[in-house]
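Report on the structure given below.
Quick caveat, the model's predicted, so the values are computed rather than measured.
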Amino acid sequence: MLNIKILLEAAPVAVQEALDQDTVDYLNSLIEEDSNPEALRDATEPFLADAGMSDADIDAMFAKLSIHAGSKNSGKSKTSDVQVEPVLLPRAPAIPKAGAPITLPKSPTAPAQTSGTSAPSSQPSAKKQQVADKTGATTTAAATSPEPKKAAASAQIARTPVIQAFSQQSRFHTETLVTMSKDVDLKGVNIIVDNRELIVDARLWLKAGYRYGMVGRNGTGKSTLLSVIGNGSLVGFPENIRTLYIQQLDILDVGTTVIDSVLAADEQREKRMCNVRSIEAGLKAPDLLHAALEGYISRLANEKLNTAHKTATLRSGKRGRIARESALKMEKTVVSDIRAGLYRGGKTDGDVASSVLDTLYSELDQIDAHSAEARARAILDGLDIAKEQQDGPVSALSGGWRMRVALAKAMFVEPDVLLLDECTNHLDLAAIAWLQDYLISLEDITIVCVSHDHDFLNAISQEIIRLKDRQLTYHPGNYDEYEQTEDEYRKKKERQFAALERRREHVKKSIENFTKHARSTNDSKVLGQVASRKKKLDRLAGLDKTEDGKRFKLSYWAGFHETMRPELKLERQEKSVDFSLPQPEPLRNSTGPLVALDGVCFGYGDQPSAILKNIDLSIMMGDHISIIGLNGCGKSTLVNTIRGSLMPTKGNVERHARLRIGHFTQHLVDELSTEGLSGLRVLMNTSNSVKESEARKWLGSFELSGDLATRPIHTLSGGQRARMALALMLFSNPHLLLLDEVTNHLDMHAVQGLITAINEYEGTVVLVSHDRHFLRETADYSYLLQDGTLTQLDGGVDEYVESIGIGL
């Protein structure tokens, strides 16, 4: 009988290595479900073709297995050529945390994160790949084909990641469910994603009213930690502490108005208002009344089940068993019990609707819901959002104004903990200045901010949380103080290690000398000294003092250990990412400018100079230029004009005939967030001449080796996707790099590595960024684009920062 092992053994070794584990598991499930040889060939052939097998090789392999279903070259027509797709299993409905105004980001390929177990979703989908051609323009290579076989071959299996988030619990569960304090102190915090441990037995310690900056390498789990806190799936997080999670501006529903978006942040009010609106509409249209009441019953059932499951999770022993049995029983009866209670005494839908509305009106009065819109508008007014903007769609606002709306939501729900994930992405320097001052002005709100903007973290942070080696460590002060403290601590450890090694070497030499003397004299007393010195050497395995300066005692060190002291470990300085920017090939006649703009204007319709006005700019080989300005001032338009994507309405743009341009945009990173192919496959698809070993080596130079190169790109973290986009863009070895917001999503070490790489790059770089530290370190010339005109800043980015009033 055919099984997956036999099928793989019949395939070439290169094909076996090319098939990832998800594909192997899927093929195995197909074989187990259907043993019909013809069906098996039709289902597996596309994946084998994608792995590099030709039609002839596939025919030969299936001939070995005695499976001769009609192949493409057999000359026989198939009765059907239907693409075989995995079945998408339905997901269980998620029960949200009561009172947590959280909206998880949605993506068709990478669904929202959930805790607990969820059935994997396996559904191939056609993707588009963005690759840089040799002229510098970005071409779109579709991974689809008219032939179903090729479409299936390029498809990848995407599934929902399974996230488990929990902490050490007290047997008296009310200790962690409800606390009187607004401090958070959870021990034994663990976060596991698809059986991969991100955080292990860490301590989550947030002091009320403090502002924390969180740092760590890309992919270590910073965003995952904030999301499980924000969406209520971290088991053990105190129920009385309200949280709001703002993730990179994605929480806003751009299709709604600004005022509705703010009002929707209060989920307790929103759920009740939704019930009121549907029941009131049902009273006017009786056909809809019963469905409206069922929606109300469903909400109550979900809330009761949520509470029962949390209680069952937190209790242990006999009490836990009873609680779990009660929760399981409730799952079967809760809806019918609520319905029976409402319809007791033979009440009609109209009678029930009347009593339910009375209850809802009373609950809304208790939470002061009727003054909600007035409070929301007052908050928006305080943030300088005009009445017209409040009633307009969120989609009409720029990134900086959307951040103001996100903060209005925070002020409206009055959270105890505000979680900000890359909140400065897409904000211009003026918006960053406003956000910086606003966060500092907030009182009695704990702020945890993940950001890779060096200057921004320095301004807002009172304490730094570092996520490293699956542990959380806490360092008082801002980011510069954290780096200084870490450097001093590392040097102290190095001095201690050197001193300890000197003592150990001294004891070793004395042991050798005494041993020689004992052998020559047969003196038993000397042998006793040797044994004593060996015990002393064992004690020198670690320091004889604890971190707080106390003398070490063995009783301080619980558990079984192989040495008599904790081993002294050196804190190695974290290396920055070693980006590989290939040096450009020499250009003939390169003494002139690579790109020259002469009187360039650009606009739309009857305003040909509305965006760019008489721009004159010469870009020479080796120039490192930054373009600074507010969002919407035309920076991207200018970059696209330099590249050639846009033609000026007036003026001329001249480019070197052999110039290759690499263009990095956030649009490219966003497209990769839904890419089901692996980075290795996308890179190899750019050219038939690229060997797998070369592609792996290239991705490895961007710290995308091993599993990161073969995983579907959408499963990578934001920073890893940004590095993937850089790798794809730079593969064509361009002479001119146009980098638009390239530091978004990159961690501090990746930004520092990029700074080093750009400074060593002999080609030309044009930067558009709002990261002050990054521009300060990389740009030789800075230009301000304002009111359509381009002006050189002799003082660089600091001159502009000073002009808009940001503290340096």
Side-chain angles (χ1 to χ4, degrees), residues 96-105 113 115 163 165-168 175-189 191 199 202-216 221-251 262 264-268 310 379 403 405-424 435-436 438-451 456-457 460-467 472-476:
K97 172 184 176 182
I102 304 302
T103 303
L104 289 179
Q113 299 169 337
S115 64
I163 300 179
F166 55 91
S167 60
Q168 178 182 324
E175 288 185 12
T176 47
L177 277 176
V178 179
T179 64
M180 297 298 293
S181 171
K182 298 299 182 182
D183 291 349
V184 177
D185 190 3
L186 297 182
K187 299 178 179 65
V189 174
I191 297 179
I199 298 178
R203 182 186 185 188
L204 179 61
W205 185 22
L206 304 177
K207 291 171 279 189
Y210 264 61
R211 300 188 302 272
Y212 294 90
M214 180 177 286
V215 297
K222 303 184 298 297
S223 295
T224 305
L225 174 60
L226 294 193
S227 68
V228 297
I229 296 174
N231 64 28
S233 59
L234 176 58
V235 176
F237 195 87
E239 289 289 325
N240 66 307
I241 295 181
R242 303 187 72 183
T243 63
L244 180 66
Y245 177 39
I246 299 176
Q247 182 185 15
Q248 303 174 19
L249 306 181
D250 291 335
I251 65 166
V262 175
D266 188 347
E267 285 196 352
Q268 294 300 318
K310 284 194 173 183
I379 292 170
M403 177 52 67
V405 175
L407 291 171
K409 297 175 74 170
M411 298 172 67
F412 181 68
V413 300
E414 299 178 350
D416 301 303
V417 179
L418 179 60
L419 308 167
L420 303 173
D421 191 359
E422 296 289 5
C423 55
T424 59
L435 176 62
Q436 181 176 297
Y438 178 77
L439 292 179
I440 293 173
S441 69
L442 291 178
E443 297 180 357
D444 301 325
I445 296 179
T446 304
I447 299 173
V448 182
C449 177
V450 172
S451 177
F456 180 76
L457 278 185
I460 69 162
S461 300
Q462 294 174 299
E463 194 163 325
I464 296 294
I465 303 175
R466 181 180 66 173
L467 177 52
L472 297 171
T473 55
Y474 301 84
H475 309 267

Would you give the length of the straight line joining atom OG of Ser167 to atom CZ of Phe237, rounded to the nearest 0.5 angstrom? 10.0 Å
Less than 4.5 Å apart, side chain to side chain, heavy atoms only: is that true for Lys222 and Asp421? no
So do Met411 and Tyr438 actually touch side chain to side chain, heavy atoms under 4.5 Å? yes
Run Leu472 and Leu225 through side chain to side chain contact (heavy atoms under 4.5 Å, CB included) and show every step you take. CA-CA 11 Å; Leu472 297 171; Leu225 174 60; 4.1 Å; yes
For the atom pair CD1 (Ile163) and CG (Asn231), what is the distance rounded to the nearest 0.5 Å? 8.0 Å
Residue pairs, two or more places apart or on separate chains, that pass salt bridge (charged side-chain N to carboxylate O under 4.0 Å, His left out) and touch residues 226-235: none
Under 6.0 Å from the OH atom of Tyr210, do we count more than 12 heavy atoms belonging to anything else shown? no
Nearest-0.5 Å distance that lies between atom SG in Cys423 and atom CD1 in Ile460: 6.0 Å
For residues Ile379 and Val262, determine if any side-chain heavy atom of one lies less than 4.5 Å from a side-chain heavy atom of the other. no
Can you tell if the side chain of Tyr212 reaches within under 4.5 Å of the side chain of Val417, non-hydrogen atoms only? no
Once ring-ring contact (aromatic ring centres under 6.0 Å, His included) is applied, do any residues pair with Tyr474, and if so which ones, sequence neighbours excluded? none
For a quick test of reading the model, state the closest non-hydrogen atom pair linking Leu234 to Phe166 and the distance between them. CD1-N, 3.7 Å
Tell me, do Leu407 and Leu418 make a side-chain contact under 4.5 Å, heavy atoms counted? yes
In Å and rounded to the nearest 0.5 Å, what is the CD to CG distance from Glu414 to Asp266? 9.5 Å
Taking every heavy atom of His475 against every heavy atom of Thr473, the minimum-distance pair comes out as NE2-OG1, 3.0 Å
So, for Pro415 and Thr243, which heavy atoms are closest and what is the spacing to 0.1 Å? CB-C, 4.1 Å
Closest non-hydrogen contact found for Leu186 with Pro238 is CD2-CD, 4.4 Å
Distance from Lys409 atom NZ to Ile246 atom CD1, nearest 0.5 Å? 8.0 Å
Verify side chain to side chain contact (heavy atoms under 4.5 Å, CB included) between Phe456 and Leu439, making sure each step is shown before the conclusion. CA-CA 11 Å; Phe456 180 76; Leu439 292 179; 3.8 Å; yes
Spacing of OG1 belonging to Thr446 relative to CZ belonging to Arg211, to within rounding of 0.5 Å: 11.0 Å
On a heavy-atom basis, which atom in Arg242 and which in Val413 lie closest, and how many Å separate them? NH1-O, 3.1 Å
Looking only at heavy atoms, which two atoms of Lys182 and Ala208 are closest? And how far apart? CB-CB, 3.9 Å
Walk me through whether Leu204 and Ile229 qualify under side chain to side chain contact (heavy atoms under 4.5 Å, CB included). CA-CA 10 Å; Leu204 179 61; Ile229 296 174; 3.8 Å; yes
My understanding is that only one of Val450, Leu467, Ile465, Leu457 makes a side-chain contact (heavy atoms from CB on, under 4.5 Å) with Val215; could you say which? Leu457
